[in-house]
Amino acid sequence: DVKVTQSSRYLVKRTGEKVFLECVQDMDHENMFWYRQDPGLGLRLIYFSYDVKMKEKGDIPEGYSVSREKKERFSLILESASTNQTSMYLCASSAMGSPLHFGNGTRLTVT
Amino acid sequence: AQTVTQSQPEMSVQEAETVTLSCTYDTSESDYYLFWYKQPPSRQMILVIRQEAYKQQNATENRFSVNFQKAAKSFSLKISDSQLGDAAMYFCAYRRSGGAQKLVFGQGTRLTINP
């Protein structure tokens, strides 16, 4: 069974801190994604990657960056956290043409 | 850009009854995929059902079925014999065929099951 693991379930950070959200998948998937989930807005794509060191902006990339140095790991970086980045963050992975598999999410609070 | 709209923020149904969740989408593509995902309180996103746009037959998975109306760009989910474990957020999602594999999601519908 595909496993997508997000390093933290809950995270509390202060405004201005640099924040790393880590995601690891164990199925050798080419594609990895970071989504943000907010009530009434559903899931919105922040960034995705279709290969090592490759990345593409999603719909709301402002304030975020990503890193994919190894195929199994996709990191989301908040360079300077702000209160409007308080949200649920979901990582997902997929093989080409296959459905997405999601992690359990990280609930980030920025105070 | 493709968009997905779920117009029902909340729905409720009596246990053992049938409920239908609505979803509409907008795209200029002719070949694409549509999905329904379930997110229970555990937060784990679970794929419920998938529909390929080129297939006219509506997808079915046990108690879950869809009504896919391609011309109307409508993709509703019917849950029959509702069970307490069906209580969750339900998200409709779209993905174009080929190219980037990213999903576009709707706003979600929170489904409550009344015992």
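In the text below, chain A, chain B and the rest are named by the order of the sequence lines, each starting its count at 1.
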**OP:** Among Gly97(A), Pro39(A), Gly40(A), single out the residue with the greatest number of heavy-atom pairs under 4.5 Å to chain B.
**Re:**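 Top option by heavy-atom pairs under 4.5 Å: Gly97(A).
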
**OP:** Could you tell me which of Ser98(A), Gly42(A), Ser94(A) has the largest number of non-hydrogen atom pairs under 4.5 Å with chain B?
**Re:** Gly42(A)

Contact class of [X] relative to chain B, heavy atoms under 4.5 angstrom:
X	value
Asn104(A)	both
Thr106(A)	backbone
Arg44(A)	neither
Gln37(A)	side chain
Leu45(A)	side chain
Met96(A)	both
Tyr50(A)	neither

Subject >> Ser49(A) side chain to Met54(A) backbone, donor-acceptor under 3.5 Å >> reply: yes

Original post:
Sub-3.5 Å donor-acceptor pair from the side chain of Trp34(A) to the main-chain atoms of Phe74(A), do we have one?
Top reply: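 Checked: pair present.
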
Using the benzene-type ring in the case of Trp, are the ring centres of [X] and [Y] under 6.0 Å apart?
X	Y	result
Tyr25(B)	Tyr32(B)	yes
Phe91(B)	Phe35(B)	no
Tyr37(B)	Phe102(A)	yes

Original post:
Where on Leu103(B) is there a heavy atom nearer than 4.5 Å to chain A: the side chain, the backbone, both, or neither?
Top reply: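 For Leu103(B), heavy atoms of backbone and side chain both lie under 4.5 Å from chain A.
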
**OP:** Let me know if Gln39(B) has heavy atoms under 4.5 Å from chain A in its side chain, its backbone, both or neither.
**Re:**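 Just its side chain gets close to chain A.
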
Is the number of heavy atoms from other residues, nucleotides or ligands under 6.0 Å of [X] [atom1] greater than 12?
X	atom1	result
Asn84(A)	CG	yes
Arg110(B)	CZ	no
Lys78(B)	NZ	no

Subject >> Leading residue by heavy atom contact count with chain A [cutoff under 4.5 Å; candidates Gln107(B), Arg50(B), Arg43(B)] >> reply: Arg43(B)

**OP:** Count the heavy-atom pairs under 4.5 Å between each of Lys102(B), Gln6(B), Gln101(B) and chain A, then report the option with the highest count.
**Re:**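 It is Gln101(B).
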
**OP:** Run the numbers on His101(A) and Lys3(A) for side chain to side chain contact (heavy atoms under 4.5 Å, CB included), then give the verdict.
**Re:** CA-CA 8 Å; His101(A) 297 267; Lys3(A) 194 163 178 66; over 6 Å; no

